[in-house]
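Have a look at the structure below, then the notes.
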Amino acid sequence: MQLEELIELDKKYILPTYNRGLVDFSYGKGARLFSACGKDYIDFGSGIGVCSVGHSNEKLNNAIKDQVDKLIHVSNLYLNALQAKLAEKIVQLSGLDARVFFGNSGAEANECAIKVARKFGEKDGKMGRYKIITLESSFHGRTLATLRATGQEKFHKHFAPFPEGFEIAKDLYDVYSLIDDKTCAVMLELIQGEGGVYAFDKKQVQELAKYLKENNILLIIDEVQTGVFRMGEMLASQVYEIEPEIITLAKGLAGGIPIGAVLTTLKDVFEVGDHGSTFGGNLLSCRAGLEVLEILESYKNHKFLEKNIQQLDSYLFAILEDYADLFNEVTGLGMMRGLQAKSIEIQTDILQNAFLQGVIVLRSGRNVVRFLPPLTITEEEMQLGFERLKKACQKVREKYKNIK
Ligand SMILES: Cc1ncc(COP(=O)(O)O)c(C=O)c1O
């Protein structure tokens, strides 16, 4: 199909909720994407942190194909060995004494986390404790409850009334002042992904975690974007050295097959009937999840991940040094990084020019260029991506020089 034809078809039949790049990717390998017309791109976005082991990963693809030929789905009314094994693997890698519930997405995982927290709070007093405190600039999903939990005003237009029982703190210090006898949980991302690739201070997080534990208030860490080795460890919570009662995962967990997971040390809060999902944790997604974790665990154990993190870090700081007229700082941690542009206009120009040069980067917050490359990206792919990004930066610099 010609690109123009596809643009028309998309316009005619798809609800216009996305501002799409006008490209038709037809093939991918590693950190490379190829458009239908044959142009190649270095993918520093990995489908917004989903394709954690790259595109067309041979091991993952073989596992998926093998599972498709055996059995895709049986429903959660029956035992599922792959689901149980994936839960065991997640628990082992987390180091927590926990159980898992599987859904299909990040928002669903957060919905489930909210339900666990509300049920936990229900036992205290007549109305129980139901209030959940979240953070400004956070992002927790697109369902009504997770939108309400999301601390970015722009998402709250049009869709009221929202579920009650959420309050948004300005920062970690403000959380303390919002806690009252109705508070059951605090929910946060350790590194805010959509809100500007902003990493919270480790010590401040640890102090808050300690305070919450002492006061029997749950800590929910939304690791939908930070989890599954993106920080160099299975969980960002491990990097921050905290033990939250609830952790949510999705995105990179099955390398592109939809999945969401809630990991909780509250092993007995839910009973039969409290929650469910038709597709959640089906055989296909769990087989993919098991394969992804095996690949990434081995990648980490061989120190490849550490090397990639160091390389990404040095490329980003080199860009910052060379283009100090365009960027303020490097943000984020691990393989989830940002270059904070000096303005929204520069951010937009960098995104557009990078795309033209053949490198995909993402928008985050008001002015941050976000990097979420496949964790298994090769040295050569990273080098090529940054060469292209530099060309894009050069173009943007020239544009602003001419304006002056
Ligand atoms: C931190 C965080 N939580 C939740 C979500 C929602 O995930 P999903 O789009 O899979 O529902 C996202 C998606 O970007 C996210 O980054």
Side-chain angles (χ1 to χ4, degrees), residues 15 17-20 44-52 101-117 132-152 154-156 159 166 168 185-200 205 219-231 235-237 239-240 244 246-263 277 279-282 285 288-289 292 331-338 360-365 368 370-373:
L15 285 175
T17 61
Y18 301 106
N19 193 6
R20 287 187 155 142
F44 282 162
S46 62
I48 322 186
V50 168
C51 306
S52 48
F101 179 89
F102 288 104
N104 312 287
S105 67
E108 272 183 72
N110 286 334
E111 283 275 344
C112 175
I114 291 164
K115 284 177 72 175
V116 172
I132 295 173
I133 299 169
T134 63
L135 269 291
E136 206 169 273
S137 301
S138 61
F139 184 80
H140 297 296
R142 300 279 191 164
T143 62
L144 281 176
T146 57
L147 264 189
R148 181 63 191 85
T150 291
Q152 299 184 55
K154 65 177 181 189
F155 291 108
H156 297 161
F159 307 116
F166 293 90
I168 294 167
V186 173
M187 173 153 97
L188 57 100
E189 301 152 85
L190 294 171
I191 294 101
Q192 291 183 329
E194 305 302 308
V197 197
Y198 174 76
F200 284 109
V205 169
L219 179 58
I220 305 170
I221 299 293
D222 177 344
E223 295 229 28
V224 166
Q225 200 163 139
T226 59
V228 195
F229 293 101
R230 193 148 284 280
M231 295 300 127
L235 301 170
S237 297
V239 175
Y240 273 70
I246 307 175
I247 292 170
T248 56
L249 300 169
K251 287 196 184 283
L253 182 55
I257 303 292
I259 195 166
V262 178
L263 173 70
S277 167
F279 292 113
N282 81 6
S285 62
V292 164
T331 65
L333 286 172
M335 294 290 275
M336 177 175 172
R337 309 303 295 265
I360 295 169
V361 286
L362 302 165
R363 193 183 288 280
S364 173
V368 173
R370 181 172 33 157
F371 297 78
L372 290 170

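Atoms within a ligand are numbered from 1 in the order they appear, just like the ligands themselves.
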Quick one: does F200's side chain get under 4.5 Å of L135's, heavy atoms only?
yes

I need the contact residues for ligand 1: any residue with a non-hydrogen atom closer than 4.0 Å to the ligand, ordered by chain then number.
S105, G106, A107, N110, F139, H140, G141, E189, E194, D222, V224, Q225, K251

Trace of the side chain to side chain donor-acceptor pair (under 3.5 Å) decision for E223 with S237:
CA-CA 8 Å; E223 295 229 28; S237 297; 2.6 Å; yes

Do side-chain atoms of T146 reach the backbone of E111 as a donor and acceptor pair under 3.5 angstrom?
no

Under the criterion side-chain contact (heavy atoms from CB on, under 4.5 Å), I'd like the reasoning laid out for Q225 against V197: C-alpha separation, chi angles, the key distance, then a yes or no.
CA-CA 10 Å; Q225 200 163 139; V197 197; over 6 Å; no

Steps toward side-chain contact (heavy atoms from CB on, under 4.5 Å) verdict (I221, L188):
CA-CA 5 Å; I221 299 293; L188 57 100; 3.8 Å; yes

Check: F139 ring centre within less than 6.0 Å of F155 ring centre:
yes

